[in-house]
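For reference, the structure is listed below as C-alpha cells.
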Number of protein chains: 2
Amino acid sequence: MPAPSAAAQSTKERILGAAEELFARHGFEGASLRQLTSAAGVNLAAVNYHFGSKDRLVEEVFRRRLDQLNGHRSTALAKVAGLPETTIEDVLAAFIVPALELSHDAGGQLFMRVLVRAFAEDDDTLRKFLSDNYRHVMRMFTSEFARLLPHLTKEEVYWRVDLVTGALIHAMSGIGMIQRRSDVTEHEHRELTAEHLISFSAAGLMAR
Amino acid sequence: MPAPSAAAQSTKERILGAAEELFARHGFEGASLRQLTSAAGVNLAAVNYHFGSKDRLVEEVFRRRLDQLNGHRSTALAKVAGLPETTIEDVLAAFIVPALELSHDAGGQLFMRVLVRAFAEDDDTLRKFLSDNYRHVMRMFTSEFARLLPHLTKEEVYWRVDLVTGALIHAMSGIGMIQRRSDVTEHEHRELTAEHLISFSAAGLMAR
DNA sequence: GTCTATATGGCGATAGAC
DNA sequence: GTCTATCGCCATATAGAC
C-alpha cells in the first residue's frame, strides 16, 4: 500500500473522483468507461483491473461517501441523543450539517447529484446496497425525533423526516432555483443553506 | 388527424407513454429506442418518423405533462391570489394538489421521476427548455407567497419555496422511505401525501 | 405511415504483451 | 500494474421498398 501523497493520487482514487463527476453529470449509463478513464488520465482497462466491473465501481463511489456521511452523522447525533435539554434544532443539525460538510470536498455536491440519480434508478441491487448502507443511521434519527415529538404518531414522524430529507437533497444537489450567488463564498453559502434548512425543517417537524 | 378513441392510442401516444416509463426507470441515456419501441409495440423507425430524434422525443414527454401541470396550477392559483382571506395553506394547495393529481394518470408518478432525473442532468438544452416552461408559473407562486409572508425578505421566500419544491418532488416521485402501504388505495395515499405536505410546508414557510 | 435492412460508431469486457 | 488490440454486442439514424 503506497503512502498517501498530496501531490499524486493513486489510480484508484483518480478513477473514483472522475467517476463521481461523470456519474453526476451524465448518469450511470450515460457516462462511459471511455470518457471516465480519459478524464482520470488512466488506461481504459484500469477500471476492470481495479474494480472488476463498472457496477462495482458505482458501488465504490457510494461506499466512500456514505461511510463518511454515516460516521459524521452518528458522531454528531451521539452527542445530543437522549439528553433532556436536546432540541429539535440540535438533532436537525446533526442530520444536516454533516451532509453539507460533505461538499467541503470538491466532489461532495456532485455526489449528492449521484445520490439523486440513484434514488430514481430502477435497479434493485443498487437500492438494496443503499438501503443496507443507510437504514441504520436513519433509524437512529427517527427514534430521536420521535422522542422529541411525542404528540406525533410514528407514521407522522416518518412522513416528516422523509420530507426533510427531500428538502435536504434538493438543496444540497444544487438542482433547484437556489444557486450560490457569485458574491457569496462556498463556505458562506453552506452556512446559509444550513440555517434555512434547519429553521424551515424545525418548524415543519413541529407543526401542530 | 384521427379521432381519439378509448380503445386505441395513436402510435405517437403509445411512444410517449412507453418513453415516460422507460426514461423514469432507466434514464434518458439508459433507455434505448429499441426497448422503447418494443414496449410501445411500434416499429423502431417510428420514433424518428414521428419525433425526428430521441432528444425531441424527450422534450415532448416533458411538454405534455408540464403544460397540464402549469395549466392546473395557474387555474388553482387564480382562484385565491390577491384575496384578503387567502391563507398560506390555500396557496400551497394550489401548488401541491395539481402536482399530485398528475399521478391520476398511470404515468404521473413515473413522470415525476423523469423530472428528478432531468434536474440532475447536465444538459443545458434540457435545462433551458424546462426553465422556459416552468419559470413563469413559479414566479406567480413566489409573488403570492411573498404577499402572505411580508415579514420575510424576497430571498428568504425563494429559499423556502425551493425547499417546499424539494419536499414535493421527493414525496411525489416515490423515491423516499415513504411508500404507499398495501392497505391504502392510491387515492387515499394521494390525499394523505397532500395533507402531510401542506401542513409540513405551511409551518416551514411561516417559521419566524 | 410502417416496414426491413443497413450504415456508422460507441459500448463493456478481456486476452495477452510488457 | 499498465498497455494495445480486439471480440461481440447494441446504439441512433436513415435509405428505400411497400
Side-chain angles (χ1 to χ4, degrees), chain A residues 1-5 7-62 114 117-118 121-123 125-126 129, chain B residues 1-5 7-62 114 117-118 121-123 125-126 129:
Chain A
M1 187 189 322
S5 147
Q9 283 179 302
S10 71
T11 295
K12 261 182 112 152
E13 284 164 338
R14 286 217 304 281
I15 291 173
L16 283 169
E20 188 163 64
E21 169 155 3
L22 287 166
F23 289 157
R25 294 198 197 285
H26 306 293
F28 305 114
E29 309 204 50
S32 72
L33 293 184
R34 281 170 169 78
Q35 293 174 274
L36 203 153
T37 49
S38 165
V42 304
N43 187 271
L44 169 61
V47 168
N48 280 280
Y49 178 78
H50 286 285
F51 297 95
S53 70
K54 186 179 180 179
D55 283 350
R56 298 234 355 245
L57 169 60
V58 171
E59 289 195 358
E60 281 308 309
V61 168
F62 282 108
V114 177
R117 287 183 181 277
E121 207 75 22
D122 196 33
D123 177 333
T125 312
L126 183 55
F129 174 85
Chain B
M1 188 189 323
S5 147
Q9 285 179 302
S10 71
T11 295
K12 258 181 113 152
E13 284 164 339
R14 286 215 305 279
I15 291 172
L16 283 169
E20 188 163 64
E21 169 154 5
L22 286 166
F23 289 157
R25 296 199 196 285
H26 306 293
F28 305 115
E29 309 204 48
S32 72
L33 294 184
R34 281 173 165 76
Q35 293 174 273
L36 203 152
T37 49
S38 166
V42 304
N43 187 271
L44 169 61
V47 168
N48 280 279
Y49 178 79
H50 286 286
F51 297 95
S53 72
K54 186 179 180 178
D55 283 350
R56 298 237 351 250
L57 169 60
V58 170
E59 289 194 359
E60 281 308 308
V61 167
F62 282 108
V114 177
R117 288 183 180 275
E121 207 75 21
D122 195 33
D123 177 335
T125 312
L126 183 56
F129 174 86

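Lettering of chains follows the sequences in order, A, B, ..., and the numbering in each one begins at 1.
Comparing the helix axis at one end of the helix from C/dG1-D/dC18 to C/dC18-D/dG1 with that at the other, each defined from 5 consecutive pairs, gives an inter-axis angle of 0° (nearest 10°).
Within the 4.0 Å cut-off from OP1 or OP2 of D/dA11, at least one side-chain nitrogen or oxygen of B/S32 is found. For D/dT4, the OP1/OP2 oxygens have a side-chain nitrogen or oxygen of A/N43 closer than 4.0 Å. For B/T11, a side-chain nitrogen or oxygen approaches OP1 or OP2 of C/dT2 to under 4.0 Å.
A straight line from CZ of B/F51 to P of D/dT14 spans 16 Å, rounded to a whole angstrom. Distance CD (B/Q35) to P (D/dC9): 18 Å, rounded to an integer number of Å.
Residues in residues 45-61 of chain A take part in these side-chain hydrogen bond (donor to acceptor under 3.5 Å, both in side chains) pairs, two or more places apart or across chains: A/E60-A/R63.
In this structure, B/L126 and B/A118 approach most closely via the heavy-atom pair CD2-CB, 4.0 Å.
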Could you tabulate the donor-acceptor pairs under 3.5 Å formed by side-chain atoms of residues 37-47 of chain A, not counting sequence neighbours?
from: A/T37; atom 1: OG1; to: A/L33; atom 2: O; distance (Å): 2.7
from: A/T37; atom 1: OG1; to: A/R34; atom 2: O; distance (Å): 3.3
from: A/N43; atom 1: OD1; to: A/A45; atom 2: N; distance (Å): 2.8

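Contact check for A/F28 versus A/D123: no side-chain heavy atoms found under the 4.5 Å cut-off.
Scored by the salt bridge (charged side-chain N to carboxylate O under 4.0 Å, His left out) test, A/E29 finds no partners at all (sequence neighbours excluded). For A/A19, the side chain to side chain contact (heavy atoms under 4.5 Å, CB included) partners at least two apart in sequence or on another chain are A/F23, A/L36, A/L57, A/V61. Contacts of A/E121 classified as salt bridge (charged side-chain N to carboxylate O under 4.0 Å, His left out), with partners at least two apart in sequence or in another chain: B/R117.
Of the residues in residues 17-30 of chain B, not one comes within less than 4.0 Å of DNA chain D through any heavy atom.
Atoms CG and CG, on A/D122 and B/L22 in that order, are 9.5 Å from each other to the nearest 0.5 Å.
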Check the interface with nucleotides 13-18 of chain C: list each N/O to N/O pair with the protein under 3.5 Å, or write none.
from: C/dA13; atom 1: OP2; to: A/K54; atom 2: N; distance (Å): 3.1

